[in-house]
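Here is the structure we will look at.
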Amino acid sequence: MLRQQDVGHRIVVRRIVGIREGRPLFSDALGELVELSETHLTLATAQGRLRVPVAEVHRAKRVPPARRPTAAAVVELELAADEAWPAAVRGRLGDWRLRAADGWTGRANSALPVGDPDRPLPAALDAVERWYTDLGQPPMVNTPLPLAAPVGAELDARGWVGRPPVLVQTVPLAGLPPAVPERAGAPPVELAADPSDDWLAVAAGRKGGLPDAARHVLTAVDQVRFAHVYADGALLAIGRGTVTGQGRWLGLSLIEVLPEARRQGLAGRIIRALADWGVATGASRAFLQVEQRNTPAVALYRTLGFTTHHTYLTRTPPP
């Protein structure tokens, strides 16, 4: 049966649709799982959304993507994402990227093993461990899958563990649904080249503090915009957009709506505003990274047309 870890992935469901001569009649549905609850599951199929009561499910399982991205496509997107989230301290091991930012976020404090490290794999991972140890930080390795499967296998042999899987999702900017007309009096989405103090406070609350290196990660991108939504002087929602990857990719991050302002469509409006800015700069596709277990966010992004391009695991040494 399915689990929350399957949300955001392609599945096939065989469901009972009736009884004939005492035998059940079955129908199969194929699509991306966008929601899973105790009573229902929801798929995004080629024919539209399908909501299936769990009581009607005979069998369900995850299946491989219809088409896997090429290794070159994964490398391109991972490098655009690295450019969009720049660590304050950086190193190289052949083509591999080594990144550190005072421990602020796994993405900015992990090695990115794409390309050739210019040495055998075991020696490369030994060098990664030494680099982080010399900085006084625990080593971490970000493994895009299936591209970095050999790295993952070597880390398995060393007893390294994995953090929750992350979905790297993309959408053509031309494929985003049109903006929903704003209701009268709705607060506008404001884009700025720099984050306000309120914006930084919300980001700090979400990410557990904001060291100096975090400010570098957030702002040290040539093309970046910070979305703010204020009402009556209070900040209700934030977001961040970057354009990287030779101007092709709009990166979306830190889309956050305060609890008292949720279910008003603010997250979607922020994404739409940042998308409009990205298109104006020449970007053609958007990407974001979301934990697989964050099912509300995965469901929201699916309504906007995002699909999973690939996944990654952040790996850490054994406790």
Side-chain angles (χ1 to χ4, degrees), residues 8 77-88 97 99 101-110 112 142 144 163-171 173 176 189-196 198-211 213-229 235 237-245 247-258 266-279 281 283 285-294 296-298 300-302 304 306 308-312 314:
L77 182 48
E78 284 292 326
L79 294 182
D82 175 61
E83 186 183 346
W85 201 254
R97 270 70 172 170
R99 310 171 294 189
D102 290 345
W104 193 74
T105 76
R107 275 181 283 167
N109 290 274
S110 56
L112 179 61
N142 185 324
R163 291 184 174 180
V166 173
L167 310 178
V168 181
Q169 299 199 313
T170 64
V171 68
L173 287 174
L176 280 174
V189 178
E190 303 171 17
L191 301 186
D194 297 295
S196 68
D198 291 338
W199 195 104
L200 292 170
V202 173
R206 177 173 174 177
K207 293 295 187 180
L210 209 67
R215 293 174 182 263
H216 179 93
V217 171
L218 293 171
T219 62
V221 182
D222 289 339
Q223 297 194 87
V224 60
R225 289 295 181 271
F226 298 89
H228 306 70
V229 179
L235 184 61
I238 67 169
R240 176 179 176 269
T242 56
V243 173
T244 59
R248 181 186 180 203
W249 288 100
L250 169 70
L252 298 169
S253 59
L254 286 167
I255 309 298
E256 180 77 8
V257 180
L258 273 64
L266 293 183
R269 288 177 51 211
I270 284 174
I271 290 171
R272 182 74 260 181
L274 290 169
D276 290 343
W277 167 75
V279 168
T281 68
R285 297 185 66 85
F287 76 89
L288 53 81
Q289 296 160 314
V290 57
E291 280 196 2
Q292 181 174 277
R293 63 185 179 180
N294 188 351
V298 172
L300 166 65
Y301 300 142
R302 184 62 185 83
L304 297 173
F306 282 88
T308 299
H309 185 271
H310 65 277
T311 63
Y312 72 76
T314 298

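Heads up: numbering here begins at 1 and tracks the sequence. Note that these values count all heavy atoms, side chains included, but never hydrogens, waters or copies made by symmetry.
Between Ala213 and Ala88, the shortest heavy-atom distance links the atoms CB-CB, 4.1 Å. Across every non-hydrogen atom of Pro211 and Trp104, the tightest pair is CD-CD1, 3.6 Å. Nearest heavy atoms, Glu291 versus Pro164: OE1-CB, 4.1 Å. The two residues Ala267 and Val257 make their nearest non-hydrogen contact at N-CG2, 3.8 Å. Closest non-hydrogen pair, Ala227 versus Ile270, comes out as CB-CG2, 3.8 Å. Closest approach of Asn109 and Gly103 over heavy atoms only: OD1-N, 2.9 Å.
The distance from the OG1 atom of Thr105 to the NZ atom of Lys207 is 6.0 Å, given to the nearest 0.5 Å. The CZ atom of Arg163 sits 10.0 Å away from the CG atom of Asn142 when rounded to the nearest 0.5 Å. Here OG1 of Thr308 is found 4.5 Å from CG of Leu167. Values are rounded to the nearest 0.5 Å. The CG atom of Leu112 lies 4.5 Å from the CZ atom of Arg99; values are rounded to the nearest 0.5 Å. For the atom pair CG (Leu250) and CG (Leu288), the distance works out to 9.5 Å, reported to the nearest 0.5 Å. For the atom pair CD1 of Ile271 and CG of Leu176, the computed distance is 8.0 Å after rounding to the nearest 0.5 Å.
Not one N or O on the side chain of Arg107 forms a donor-acceptor pair closer than 3.5 Å with the backbone of Thr314. With hydrogens and angles ignored, the 3.5 Å screen pairs no side-chain donor or acceptor of Asp82 with any backbone N or O of Glu78. Looking only at distances, a side-chain donor or acceptor of Glu83 sits under 3.5 Å from a matching main-chain atom of Gly245. Listed for the Trp199 side chain is a donor-acceptor partner under 3.5 Å among the backbone atoms of Gly239.
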- Query: Going through the distances and angles, do Leu218 and Leu210 end up as a side chain to side chain contact (heavy atoms under 4.5 Å, CB included)?
  - Reply: CA-CA 10 Å; Leu218 293 171; Leu210 209 67; 4.2 Å; yes
Using the side chain to side chain contact (heavy atoms under 4.5 Å, CB included) rule, take Leu274 and Leu191 through it: C-alpha gap first, then chi angles, then the decisive distance, then the call.
-> CA-CA 8 Å; Leu274 290 169; Leu191 301 186; 3.7 Å; yes
Steps toward side chain to side chain contact (heavy atoms under 4.5 Å, CB included) verdict (Phe226, Thr219)
CA-CA 9 Å; Phe226 298 89; Thr219 62; 4.0 Å; yes
ask   = Yes or no on side chain to side chain contact (heavy atoms under 4.5 Å, CB included) for Val298 and Gln292, after CA distance, side-chain angles and deciding distance?
value = CA-CA 7 Å; Val298 172; Gln292 181 174 277; over 6 Å; no
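The one candidate from Thr311, Val290, Leu304 that meets the side-chain contact (heavy atoms from CB on, under 4.5 Å) condition with Gln169 is Val290.
Residues satisfying the side chain to side chain contact (heavy atoms under 4.5 Å, CB included) criterion with Ser253, sequence neighbours excluded, are Trp85, Arg240. Checked against side chain to side chain contact (heavy atoms under 4.5 Å, CB included), Thr281 has the following partners two or more places apart in sequence or in another chain: Gln223, Val243, Trp277, Ala283. With sequence neighbours excluded, the residues forming a side chain to side chain contact (heavy atoms under 4.5 Å, CB included) with Ala81 are Phe287, Gln289, listed by chain and number. For Arg285, the side-chain hydrogen bond (donor to acceptor under 3.5 Å, both in side chains) test picks out Thr170, with sequence neighbours left out. Checked against side chain to side chain contact (heavy atoms under 4.5 Å, CB included), Ala80 has the following partners two or more places apart in sequence or in another chain: Thr244, Trp249. Under the side-chain hydrogen bond (donor to acceptor under 3.5 Å, both in side chains) criterion, His216 pairs with no residue, sequence neighbours left out.
Leu77 is listed as a side-chain neighbour of His310, based on a closest heavy-atom distance under 4.5 Å.
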